[in-house]
A.B. asks: 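Please read through the structure below; I'll follow up with questions.
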Amino acid sequence: MNRRTVFFVSDQTGITAETLGHSLLTQFEGIKFKQITVPFISDVDKASEVVQRINLTAQVEGYKPIVFSTFVQNDLREIMAGCNGVFMDFFDAFIGPLERSLEMKSTHTTGKAHGRADSEAYTRRIDAMNFAVANDDGVTTRNYDRADIVLLGVSRSGKTPTCLYLALHYGIFAANYPLTEDELDKRSLPASLQDYRNKLYGLTIEPDRLQQIRGERKPDSRYASAQQVGFELRAAEAMYQSNAIPYINTTKSSIEEIASQIIHERRIKRGNSGHGD
């Protein structure tokens, strides 16, 4: 067995089930997971339909699907628990112990899983997203004094998605700066970055993977050639090392792992920057 179907089911967006479920699945290498998200299961009829879908999958594939869920309402959870799958509900696993420890019952209210009541944190994340977009790919460096972090890297090394993830999940003001061929030829840190050394963090990637990514964008181009990719990565890493800039190889790391390492090494306070307060 090297393939398994996984359902992420929730009475809300399914983001929590996906996030926690993905973290668990990464521990099992060699299995290809077919992942299906089914959000907004808000009534008995919808829950029953999903159970039928899971049961049919089990019948066709010959294996019980894995089902990660986050159901606040007990009646919906009980319906889902009757499916012919390996059923794991994160709320059920943790709400009970929390109720006993806090000596009170939870409200069992949907829609509170992502902190909507925290309007300041929400506003900060939106401001951080706007900052990341406005300061993407070296469009401008005049706002770097407001940045919590400035990511460096060659084209297609993962700068933009990492910045957006840092902004969306942690409210971190992240800008990114692309290292061009001319700058790499000079082997020195660009002048526009000199004043922000304490905010810089580099990204690199394995040459084969970068060549593949660039080849999908511009096939048979100098941009995607092994020679060009190799030169850029060697020069970028030499620049990081000569300027004592920490960096990470993104090839085998998830975006969550990349973000966590950047936050840890640069000692950035998650969601607690001074911006937008």
Side-chain angles (χ1 to χ4, degrees), residues 118 120-207 209-210 213 229 231-277:
D118 189 352
E120 289 187 2
Y122 176 78
T123 299
R124 182 164 54 241
R125 290 197 298 272
I126 295 301
D127 288 344
M129 284 288 291
N130 290 333
F131 182 88
V133 172
N135 294 275
D136 180 51
D137 226 17
V139 172
T140 178
T141 60
R142 66 175 181 272
N143 297 321
Y144 282 9
D145 58 328
R146 298 180 60 219
D148 296 310
I149 191 76
V150 178
L151 300 185
L152 306 180
V154 301
S155 174
R156 313 305 288 181
S157 58
K159 302 182 300 299
T160 296
T162 303
C163 283
L164 293 175
Y165 184 89
L166 288 167
L168 178 61
H169 288 267
Y170 300 117
I172 290 173
F173 279 49
N176 76 76
Y177 187 96
L179 296 173
T180 66
E181 185 173 359
D182 288 342
E183 290 167 335
L184 293 170
D185 274 331
K186 296 176 182 177
R187 304 276 177 159
S188 60
L189 191 68
S192 57
L193 301 178
Q194 292 288 348
D195 292 337
Y196 307 104
R197 285 176 174 268
N198 64 326
K199 298 182 178 184
L200 302 181
Y201 198 97
L203 302 184
T204 190
I205 188 172
E206 294 298 326
R209 178 56 180 152
L210 182 57
I213 294 171
V229 164
F231 158 71
E232 290 185 24
L233 290 173
R234 288 192 300 271
E237 291 176 18
M239 180 185 293
Y240 301 153
Q241 293 166 4
S242 63
N243 288 278
I245 298 171
Y247 66 96
I248 183 175
N249 188 314
T250 64
T251 309
K252 295 182 180 180
S253 298
S254 68
I255 195 168
E256 295 89 347
E257 292 168 331
I258 296 167
S260 293
Q261 183 162 333
I262 291 170
I263 291 169
H264 173 72
E265 291 194 22
R266 276 308 188 193
R267 299 181 180 180
I268 303 171
K269 294 184 179 179
R270 303 185 185 204
N272 194 31
S273 69
H275 309 286
D277 290 343

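Worth knowing before you read on, the calculation uses all heavy atoms, side chains too, and leaves out hydrogens, waters and symmetry mates.
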A.B. asks: Report yes or no: does K159 contribute a side-chain atom to a donor-acceptor pair with the main-chain N or O of V154 at less than 3.5 Å?
C.D. replies: yes
A.B. asks: Between atom OG of S188 and atom CD of Q194, what is the distance when rounded to the nearest 0.5 Å?
C.D. replies: 7.5 Å
A.B. asks: Looking at CG of L184 and CZ of R187, how far apart are the two atoms once the value is rounded to the nearest 0.5 Å?
C.D. replies: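 Rounded to the nearest 0.5 Å, the CG-CZ separation comes out at 8.0 Å.
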A.B. asks: Counting only N and O atoms by type, is there a donor-acceptor contact under 3.5 Å from the side chain of Y240 to the main-chain atoms of Y201?
C.D. replies: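 Not a single qualifying donor-acceptor pair exists.
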A.B. asks: Please determine whether side chain to side chain contact (heavy atoms under 4.5 Å, CB included) holds for the pair I262 and I172, giving the CA-CA distance in whole Å, both sets of side-chain angles, and the decisive distance to 0.1 Å.
C.D. replies: CA-CA 11 Å; I262 291 170; I172 290 173; over 6 Å; no
A.B. asks: Mind checking the CG-CG spacing from L200 to L151? Nearest 0.5 Å is all I need.
C.D. replies: 9.5 Å
A.B. asks: Between L203 and I258, does a side chain to side chain contact (heavy atoms under 4.5 Å, CB included) hold up when you go through it step by step?
C.D. replies: CA-CA 9 Å; L203 302 184; I258 296 167; 4.3 Å; yes
A.B. asks: Kindly indicate whether the side chain of R197, heavy atoms from C-beta on, has any atom under 4.5 Å from the side chain of N243.
C.D. replies: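 Yes, close enough: below the 4.5 Å cut-off.
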A.B. asks: Contact between L152 and L193 at the side-chain level, heavy atoms closer than 4.5 Å - yes or no?
C.D. replies: yes
A.B. asks: Rounded to the nearest 0.5 Å, how far apart are NZ of K186 and CG of L179?
C.D. replies: 12.5 Å
A.B. asks: Taking atom CG of N130 and atom CG of N135, what is their separation to the nearest 0.5 Å?
C.D. replies: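 The CG atom of N130 sits 10.5 Å away from the CG atom of N135.
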A.B. asks: Give me the atom names and distance for the closest heavy-atom approach of L233 to E206.
C.D. replies: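 For L233 and E206, the tightest heavy-atom pair comes out as CD1-C, 4.1 Å.
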A.B. asks: Mind checking the CD-OG1 spacing from E257 to T250? Nearest 0.5 Å is all I need.
C.D. replies: 11.5 Å
A.B. asks: Compare every heavy atom of A147 with every heavy atom of K199, then report the nearest pair and how far apart it is.
C.D. replies: NZ-O, 2.8 Å
A.B. asks: With sequence neighbours left out, write down each residue that passes salt bridge (Lys or Arg N to Asp or Glu O under 4.0 Å) with E183, or none if nothing qualifies.
C.D. replies: none
A.B. asks: Would you mind listing every salt bridge (Lys or Arg N to Asp or Glu O under 4.0 Å) that reaches into residues 235-250, with sequence neighbours excluded?
C.D. replies: none
A.B. asks: Between the main-chain N or O of S192 and the side-chain N or O of Y144, is there a donor-acceptor pair closer than 3.5 Å?
C.D. replies: no
A.B. asks: Quick one, I213 with I205, criterion side chain to side chain contact (heavy atoms under 4.5 Å, CB included). Give me CA distance, side-chain angles, the key distance, then yes/no.
C.D. replies: CA-CA 11 Å; I213 294 171; I205 188 172; 3.9 Å; yes
A.B. asks: I want to check something: taking the side chain as every heavy atom from C-beta on, are D148 and L166 in contact at a cut-off of under 4.5 Å?
C.D. replies: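 When only atoms from C-beta onward are counted, L166 and D148 do not touch, as no gap falls below 4.5 Å.
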A.B. asks: Any side-chain heavy atom of L164 sitting closer than 4.5 Å to one from V133?
C.D. replies: yes
A.B. asks: Evaluate the side-chain proximity of I248 to T204: yes if any heavy-atom separation is below 4.5 Å, no if none is.
C.D. replies: no
A.B. asks: Does R124 use its side chain to pair, donor to acceptor, with the backbone of Y170 at less than 3.5 Å?
C.D. replies: no
A.B. asks: Is there a side-chain contact between D145 and D195, using heavy atoms and a 4.5 Å cut-off?
C.D. replies: no
A.B. asks: Locate the shortest heavy-atom distance separating M239 from P190; write the atom from each residue and the value.
C.D. replies: SD-CD, 4.2 Å
A.B. asks: Using modelled atom types and a 3.5 Å cut-off, is there a donor and acceptor pairing between side-chain atoms of N249 and backbone atoms of T251?
C.D. replies: yes
A.B. asks: Below 4.5 Å, heavy atoms only, C-beta onward: do D136 and C163 meet side chain to side chain?
C.D. replies: no
A.B. asks: May I have the step-by-step check of side chain to side chain contact (heavy atoms under 4.5 Å, CB included) for D127 and F173, ending in yes or no?
C.D. replies: CA-CA 8 Å; D127 288 344; F173 279 49; 3.9 Å; yes
A.B. asks: So which atom in I255 and which in Y165 form the shortest heavy-atom distance, rounded to 0.1 Å?
C.D. replies: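 Taking I255 first and Y165 second, the nearest heavy atoms are CD1-CB, 3.7 Å.
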